[in-house]
Amino acid sequence: MAYWLFKSEPATWSWDQQVAKGVAGEIWNGVRNHQAKNFMQAMKKGDRGFFYHSQTERAVVGIVEVTKEAEPDPTAEPDSPWECVTVKAIQPVASPVTLKMIKDVPELAEMVLVKNSRLSVQPVEPDEWKLVCKMAGVKP
DNA sequence: GCCAACGTTGGC
DNA sequence: GCCAACGTTGGC
């Protein structure tokens with residue numbers, strides 16, 4: 001199983017809204033970046049991801065699971081290359097892991113979140129996943 | 001094919 | 001609100 005990080009501006013799409021969708025989940029639409037799209041195409045059903053709030057909060061606030069693999073983005077122009085997966089909320093974190101906390105941990109210095117903060121969908125290494133889960137107070 | 005200009009994102 | 005980083009666009 002692979003691990004990922006989904007970044008969202010809480011004003012646009014928040015963790016609470018994701019939770020409200022329940023087991024049905026919600027399509028992760030609106031991504032208009034090829035790197036991010038490629039990562040979504042690599043995702044498999046059952047993969048796990050962090051739900052990260054950018055801008056005002058800058059913290060990992062929940063855990064999601066990929067429930068449907070990449071399909072054309074219904075919010076994109078017809079025949080455009082954009083795709084998206086569907087994710088559902090699994091559980092909130094016991095305590096949010098802020099960007100500052102991540103930056104303070106040397107083992108997490110190589111996270112894409114630190115290296116390329118603008119990428120909205122990112123891969124997470126298994127070791128990084130375990131450590132951030134520990135910091136968040138959730139089971140990996 | 002290069003590069004300057006511009007728009008967008010996100011941290012601070 | 002500002003600015004740095006990055007991606008995209010368009011002129012040449």
Nucleotide nearest A/Asn116 (side chain, heavy atoms from C-beta), chosen from B/dC12, C/dC6, C/dT8: C/dC6
Choose from C/dA5, B/dG10, B/dG11 the nucleotide whose nearest atom is closest to any side-chain atom of A/Arg118. C/dA5
Have a look at A/Leu119 and say if it touches a base, only the backbone sugar-phosphate, or nothing, with a 4.0 Å heavy-atom cut-off. nothing
Working to the nearest 0.5 Å, report the span between CD of A/Glu26 and NZ of A/Lys88. 14.5 Å
Nucleotide C/dT9, atom P - distance to CZ of A/Arg32 in whole Å: 13 Å
Going by heavy atoms in the side chains, are A/Val85 and A/Met43 under 4.5 Å from each other? yes
Please determine, for the side chain of A/Gln35, which listed nucleotide (B/dG10, C/dG7, B/dC12) has the closest atom? C/dG7
Proximity to DNA chain B (any heavy atom under 4.0 Å), residues of residues 73-84 of chain A only: none
Starting at CD of A/Gln55 and ending at C1' of C/dG1, how long is that distance when rounded to a whole Å? 13 Å
Using whole Å, what does the distance between atom P of nucleotide B/dG7 and atom CG of A/Asn33 come to? 19 Å
From CA spacing to verdict: side-chain contact (heavy atoms from CB on, under 4.5 Å), A/His34, A/Trp82: CA-CA 8 Å; A/His34 291 285; A/Trp82 306 116; 3.4 Å; yes
Given salt bridge (charged side-chain N to carboxylate O under 4.0 Å, His left out), test A/Asp73 with A/Lys37 step by step and report yes or no. CA-CA 10 Å; A/Asp73 186 341; A/Lys37 181 206 67 175; over 6 Å; no
Between atom NE2 in A/His34 and atom C1' in C/dT9, what is the gap in whole Å? 13 Å
Could you state the atom-to-atom distance from CD of A/Glu57 to P of B/dG11 in whole Å? 12 Å
Let me know the distance between CD of A/Gln122 and P of C/dC6, rounded to the nearest Å. 13 Å
What's the CD1-P distance between A/Ile102 and B/dG11, to the nearest Å? 10 Å
For residues 110-133 of chain A, dump all side-chain donor-acceptor pairs below 3.5 Å to protein atoms at least two apart in sequence or in another chain.
from     : atom 1 : to       : atom 2 : distance (Å)
A/Gln122 : OE1    : A/Leu113 : N      : 3.0
A/Gln122 : NE2    : A/Leu119 : O      : 2.8
A/Glu128 : OE1    : A/Glu125 : N      : 2.9

Remember a base hit wins even if backbone is also touched, and classify A/Lys103 as base, sugar-phosphate or nothing at under 4.0 Å, heavy atoms. sugar-phosphate
Which of these nucleotides, C/dT8, B/dG10, B/dG11, is closest to any side-chain atom of A/Lys7? B/dG10
With a 4.5 Å heavy-atom cut-off, do A/Ile27 and A/Pro74 have their side chains touching? yes
So do the side chains of A/Glu65 and A/Asp47 get within less than 4.5 Å of each other, counting heavy atoms only? no
What's the CG-P distance between A/Leu113 and C/dA5, to the nearest Å? 17 Å
